[in-house]
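Notes to accompany the following structure.
Counting starts at 1 for both ligands and their atoms, in listed order. All values below were derived from every heavy atom in this structure, side-chain atoms included, with hydrogens, water molecules and symmetry-related copies excluded.
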Amino acid sequence: MRKEILKSKFIGSLLGTAVGDAMGAEYEGLPCKINFIRMGAGRYTDDTQMMIGVAESLIENRGFNGKHMAYTFIKNFDPSRGYGPGPPAVFRWISSGDDWDKASQRLFGGKGSFGNGAAMRIAPVGCFYYDNPDKLREVACRSSQITHSHELGKRGALLQAYAVALAINSGPFLDRGYFLRRLQGFVENEVYKKKLKIIEDLIISKPSKYRVVKELGNGVEAFNSVPTAIYCFIRSKSFQEAVLYAISLGGDTDTIAAMTGAISGAFYGVESIPDEWKNKLEDKEKGKSYIEKLAEELWLIRESSS
Ligand code: AR6
Ligand code: MG
């Protein structure tokens, strides 16, 4: 693959997360079948704030360092960005002495979180390890562990990371069957295997949005949103179509659109994100230009080591 294409895909995935998140945030919690979506939006939410933390930590350490990533999340934490209840509790526990990889196990009566919070921030891991599935598996799971220790939370993040990596490796034409088969070959968990089988059925049947939501989900649980994002990408022919469709399903729109944007941006590249959407994204401290810079740095590290 040409260097410039790879760079565009890295930037596309990180900026795609932010653009999808900011646009989807305006419609969070609405019922399925939204008919009118405003083009572009400015303020991103926790999804992007944490994605930035993942990228910053990978760059600073030239790879994964769990303790450093946990403290980067804590340093960046801004409650006004709309976090789920889990991560802020974990941040408090780590700040008062819990180990970075143990604190999250205390959530939800000791079961850990299966929310989509680890998957929504995973794009930099999918990019950084796009050509190393073993390392991707390890880092996706360990980075999830910081806040999401439930098996389904971690496996959801892993599936999303692998979808980003596959999107980087494929193109310019999408072979839907091949893409799905590769995901199926990678996933070990039965819950996610079943969801991928549903996607296979849905792409040949032009389903209603109601049926998509009923069968794949549109909630905050990783298993009710990661497969949905993958479906939004697979069924569409452009970044724009995929993200608008994700938002139109309602529910956890910011996160489903963020994850759809991460995969779609990794596939189509940054040029595929409409200028109007990119230009509306906040660009003050740690905004659009900063996210582009992070993606470029991730790419440069990979270029210099290959
Ligand atoms: N048992 C029951 N419910 C659970 C469990 C569990 N083991 N784990 C998660 N939930 P959380 P996130 C439910 O708090 O994943 C933001 O808006 C529970 O209802 O770990 O980081 C983001 O933008 C819990 O409140 O946060 C995303 O849209 C919810 O899942 C979303 O929140 C979220 O889990 C994800 O946040
Ligand atoms: Mg959010």
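Closest to atom 36 (O) of ligand 1 among all protein heavy atoms lies Gly84 CA, 4.0 Å. Scanning the protein heavy atoms around atom 24 (C) of ligand 1, the nearest turns out to be Phe108 CZ, 3.5 Å. The single protein non-hydrogen atom nearest to atom 25 (O) of ligand 1 is Pro85 CG, 3.2 Å, given as residue, atom name and distance. Among all non-hydrogen protein atoms, the one lying nearest atom 14 (O) of ligand 1 is Gly86 N, 2.7 Å. Ranking protein heavy atoms by distance to atom 22 (C) of ligand 1, first place goes to Asp46 OD2, 3.0 Å. When only non-hydrogen protein atoms are considered, atom 19 (O) of ligand 1 lies nearest to Val220 CG2, 4.7 Å. Scanning all protein heavy atoms for the shortest distance to atom 2 (C) of ligand 1 gives Phe114 CZ, 3.6 Å.
Between His148 and ligand 1, an N or O atom pair is found at a separation short of 3.5 Å. In terms of polar-atom proximity, Met120 is not counted as a contact of ligand 1, lacking any N or O under 3.5 Å from an N or O of the ligand. Not one N or O of Leu107 is nearer than 3.5 Å to an N or O of ligand 1, by distance alone. On a distance-only criterion, Lys111 and ligand 1 share no N/O pair closer than 3.5 Å.
In the candidate list Ser149, Gly82, Gly219, Pro87, Pro87 is nearest to atom 26 (O) of ligand 1, counting heavy atoms.
By the criterion of a separation under 2.8 Å, the protein N/O/S atoms near the Mg ion (ligand 2) amount to Thr45 OG1, Asp46 OD1, Asp47 OD1, Asp254 OD2.
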Please tabulate, for the side chains in residues 257-266, all donor-acceptor contacts under 3.5 angstrom to protein atoms that are two or more places apart in sequence or on a different chain.
| from | atom 1 | to | atom 2 | distance (Å) |
| --- | --- | --- | --- | --- |
| Thr260 | OG1 | Ile256 | O | 2.7 |
| Ser264 | OG | Thr260 | O | 2.7 |

Can you give me every donor-acceptor pair (side chain of residues 92-99, partner residue at least two apart or in another chain, under 3.5 Å) with its distance?
| from | atom 1 | to | atom 2 | distance (Å) |
| --- | --- | --- | --- | --- |
| Ser95 | OG | Phe91 | O | 2.8 |
| Ser96 | OG | Arg92 | O | 2.7 |
| Asp98 | OD2 | Arg106 | NH1 | 2.7 |

*Can you check side-chain contact (heavy atoms from CB on, under 4.5 Å) on Met51 and Asp47, steps first, answer last?*
CA-CA 6 Å; Met51 182 277 286; Asp47 305 45; over 6 Å; no
*Carefully, step by step, assess Tyr192 and Lys197 under the rule side-chain contact (heavy atoms from CB on, under 4.5 Å).*
CA-CA 9 Å; Tyr192 289 102; Lys197 180 76 189 66; over 6 Å; no
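Salt bridge absent: Lys193 and Glu190 never bring a charged side-chain N and a carboxylate O closer than 4.0 Å. Salt-bridge annotation for Lys288 and Glu282: absent, with no side-chain N of the basic residue lying under 4.0 Å from a carboxylate O of the acidic one. Salt-bridge check for Lys67 with Asp101: failed, with every basic side-chain N at 4.0 Å or more from each acidic carboxylate O. The pair Lys195-Glu221 does not count as a salt bridge, with every side-chain nitrogen at least 4.0 angstrom from each carboxylate oxygen. Under the 4.0 Å criterion applied to side-chain N and carboxylate O atoms, Glu188 and Arg155 are assigned as salt-bridge partners. We find that Arg81 and Asp78 are joined by a salt bridge, their nearest charged nitrogen and carboxylate oxygen being less than 4.0 Å apart.
Nearest heavy-atom pair across Ala89 and Leu107 is CB-CD2, 4.2 Å.
Residue-level proximity to ligand 1 for Glu221 is absent, since no heavy atom of it falls below 4.0 angstrom. Looking at Asn116 against ligand 1, both its backbone and its side chain come within 4.0 Å, counting heavy atoms.
Those atoms of ligand 1 with a heavy atom of Gly115 less than 4.0 angstrom away are 8 (N), 9 (C), 15 (O), 34 (O). Counting the atoms of ligand 1 from 1 in the order shown, those under 4.0 Å from a heavy atom of Thr255 are 22 (C), 23 (O), 27 (C), 28 (O). Taking every non-hydrogen atom of Ser113 and a distance limit under 4.0 Å, the qualifying atoms of ligand 1 come out as 8 (N), 9 (C), 11 (P), 20 (O), 34 (O). Listed by number with element, the atoms of ligand 1 under 4.0 Å from a non-hydrogen atom of Asp254 are 23 (O), 28 (O).
When atom types are taken as modelled, the side chain of Thr253 and the backbone of Leu249 share no donor-acceptor pair closer than 3.5 angstrom.
Not close to ligand 1: Gly109, with no non-hydrogen atom less than 4.0 angstrom away.
Distance remark: protein heavy atom present below 4.0 angstrom from atom 7 (N) of ligand 1.
Thr45 and Asp254 share a donor-acceptor pair across their side chains, judged by distance under 3.5 Å alone. Side-chain contact annotation: Tyr129 with Arg137, donor-acceptor N/O pair under 3.5 Å absent.
For Arg235, the side-chain hydrogen bond (donor to acceptor under 3.5 Å, both in side chains) criterion is met by no residue, not counting sequence neighbours.
Figure legend: cation-pi geometry between Arg302 and Phe10 absent, as NZ or CZ is not positioned both under 6.0 Å from the six-membered ring centre and within 45° of its axis.
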